[in-house]
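Scroll down for the structure; my scribbles are underneath it.
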Amino acid sequence: MAWDEASVAERARAFLAAHDPAAMDRLEFLRARFDAGLAWVHFPEGLGGLGAPRELQAVADRELKGTPDNQPGRIGIGLGMAAPTILAFGTEEQKKRFLRPLWTGEEVWCQLFSEPGAGSDLATLATRAVREGDEWVVDGQKVWTSSAHTARWGILVARTDPGVPKHRGLTYFVCDMHAPGVEVRPLRQITGEAEFNEVFLTGVRLPDSLRLGEVGDGWRVAQTTLMNERVAIGGTPSRRTMMGVVAETWRSRPELRTHDLHQRLLRLWVDSEVMRLTAVRLREQLAAGHPGPEGSGMKLAFARLHQELSGIEVEMLREDGLAYDDWTFRRPDKVDFIGREAGYRYLRAKGNSIEGGTSEILRNIIAERVLGLPAEPRADKDVAWKDLPR
């Protein structure tokens, strides 16, 4: 069937006519929406979609506005990173097993990529996975793992062949976060909270059925995750933006205005509009296929803009901008950036230039893969990982 705006809207209205959200359990409603193909309309039929163009998701969301949602702020890693990777590289059994509870929020996901010695240069990671029959035994440590304390599953990259160059000896797995040998410890941040964690993997046994992609092809699989992650961070539209929050303060507090703040705010408003329009173009590109390196530019711009805007907000509010609601140690299940006060936004924005790829590394990606500039010399490119100095 060739789906268009009218047919998707009709499908959504027919679904609502048969499924009254006021009379149904929230989770049952979400499961039914997934089964009706109105979760991700661009996914294949039977996997939460209709095989329709991606841009028609906005039509389904509009028709279903006001009905129970899947709390995307709590399951962003699953929605933005795990799902597109599973769709691209998973077996049919893996897609059917993981995608539905992922979208409904029944199962939270985390990302087991960065390590204490492999952050910006992820390909140097040292977590090992050794095959024993139909199982893999995993040992290592991951760090900066958002939502690990609430996650049921993790997307994991581990080294399966140390005798080849660093990019070629990696394999991608789905990690059972409830398996024996998985230990999650909180990392308290500058905000006082611990949304991040470090994860220790000691003799964790994963069946080969939890492998995504071919053995040794983990870097290629991980690139799908990383490109989608940067689009999810930098290019996803939201109802309220940091620019909108600061603009509201400017309009409601005329006594705080100065000429200098006005000029700086105008410049940031222009930057925000450029980023918004670029995000529209990026989503159109995404609708035509897989995300490319341009998502790195969006994520880079997002980090800079958030940090500058949160800084100007604190400066504008003066002593009120330094207020902070609660320093009590907490392990939240989501990041409520817009819903908190200026002091929290200022502190939390510092992490925007680290998470999802550091701004320094993203500039390299933009230079080499978007602008076509010569790559930096890499002496370790053809050296076996086991022979690299540490």
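What's counted below: heavy atoms across the whole structure, side chains too, no hydrogens, waters or symmetry copies.
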Checklist entry - Looking only at atom types and distance, does a side-chain atom of Glu63 sit under 3.5 Å from a main-chain N or O of Glu10, one as donor and one as acceptor? => result no
Next on the checklist: Is it the case that the side chain of Gln57 and the backbone of Ala39 share a donor-acceptor pair, with hydrogens and angles ignored and the cut-off at 3.5 Å?
Outcome noted: yes
Checklist entry - Just by distance, do the side chain of Lys334 and the backbone of Ser147 share a donor-acceptor pair under 3.5 Å? => result no
Checklist outcome for this item: Rounded to the nearest 0.5 angstrom, the CG-CG distance for Asn364 and Leu373 is 10.0 Å
Checklist entry - Between Asn197 and Val199, is there a donor-acceptor pair closer than 3.5 Å when you use the side chain of the first and the backbone of the second? => result no
Checklist entry - With hydrophobic residues grouped by side-chain heavy-atom distances under 4.5 Å, do Trp219 and Val164 end up in a single group? => result no
Next on the checklist: Below 30° counts as parallel, above 60° as perpendicular, anything between as tilted: where do the rings of Phe302 and His306 land?
Outcome noted: tilted
Next on the checklist: Under a 3.5 Å distance rule, please check whether Thr258 uses its side chain to pair with a backbone N or O of Leu261 as donor and acceptor.
Outcome noted: yes
Item to check | Pairing of Arg97 and Glu107 as salt bridge, 4.0 angstrom limit | outcome: yes
Item to check | Same apolar cluster: Leu170 and Val143, side chain cutoff 4.5 Å | outcome: no
Next on the checklist: Checking the side chain of Gln111 only, and the main-chain atoms of Met81 only, is there a donor and an acceptor separated by less than 3.5 Å?
Outcome noted: no
Checklist outcome for this item: Which of Arg257, His262, Arg264 passes side-chain hydrogen bond (donor to acceptor under 3.5 Å, both in side chains) with Asp260? Answer is Arg264
Next on the checklist: Check whether Arg211 reaches the backbone of Gly213 with its side chain - one donor and one acceptor, N or O, closer than 3.5 Å.
Outcome noted: yes
Item to check | Within one Ile-Leu-Val-Met-Phe-Trp-Tyr cluster: Leu371 and Leu362, side-chain cutoff 4.5 Å | outcome: yes
Next on the checklist: Whether the side chain of Tyr346 engages the backbone of Glu341 through a donor-acceptor N/O pair (distance < 3.5 Å, no angle test) should be reported.
Outcome noted: no
Next on the checklist: Could you walk me through whether Gln141 and Thr127 satisfy the side-chain hydrogen bond (donor to acceptor under 3.5 Å, both in side chains) test, starting with their C-alpha distance in whole Å, then the side-chain angles of each, then the deciding distance to 0.1 Å, before giving a yes or no?
Outcome noted: CA-CA 6 Å; Gln141 180 187 356; Thr127 294; over 6 Å; no
For residues 133-140, which side-chain donor-acceptor pairs fall under 3.5 Å, sequence neighbours excluded?
| unit_1 | atom_1 | unit_2 | atom_2 | d |
| --- | --- | --- | --- | --- |
| Glu135 | OE1 | Arg205 | NH1 | 3.0 |
| Trp136 | NE1 | Asp208 | OD1 | 2.8 |
| Asp139 | OD1 | Gly203 | N | 2.7 |

Checklist entry - So, Glu255 and Arg253, do they make that salt bridge, N to O below 4.0 Å? => result yes
Item to check | Check: Ser252 side chain, Glu248 main-chain N or O, donor-acceptor pair, under 3.5 Å | outcome: yes
Checklist entry - Please walk me through it: do Asp61 and Lys65 pass salt bridge (charged side-chain N to carboxylate O under 4.0 Å, His left out)? => result CA-CA 6 Å; Asp61 292 342; Lys65 186 177 181 180; over 6 Å; no
Checklist entry - Would a distance-only check, ignoring hydrogens and angles, find a side-chain to backbone donor-acceptor pair under 3.5 Å from Arg188 to Glu193? => result no
Checklist entry - Taking the six-membered ring for Trp, are Phe34 and Phe29 ring centroids under 6.0 Å apart? => result no
Checklist outcome for this item: ring-ring contact (aromatic ring centres under 6.0 Å, His included) pairs touching residues 57-90, sequence neighbours excluded, are none
Checklist entry - If you draw the axis of the six-membered ring of Phe200, does the NZ or CZ of Arg185 fall within 45° of it and under 6.0 Å from the ring centre? => result yes
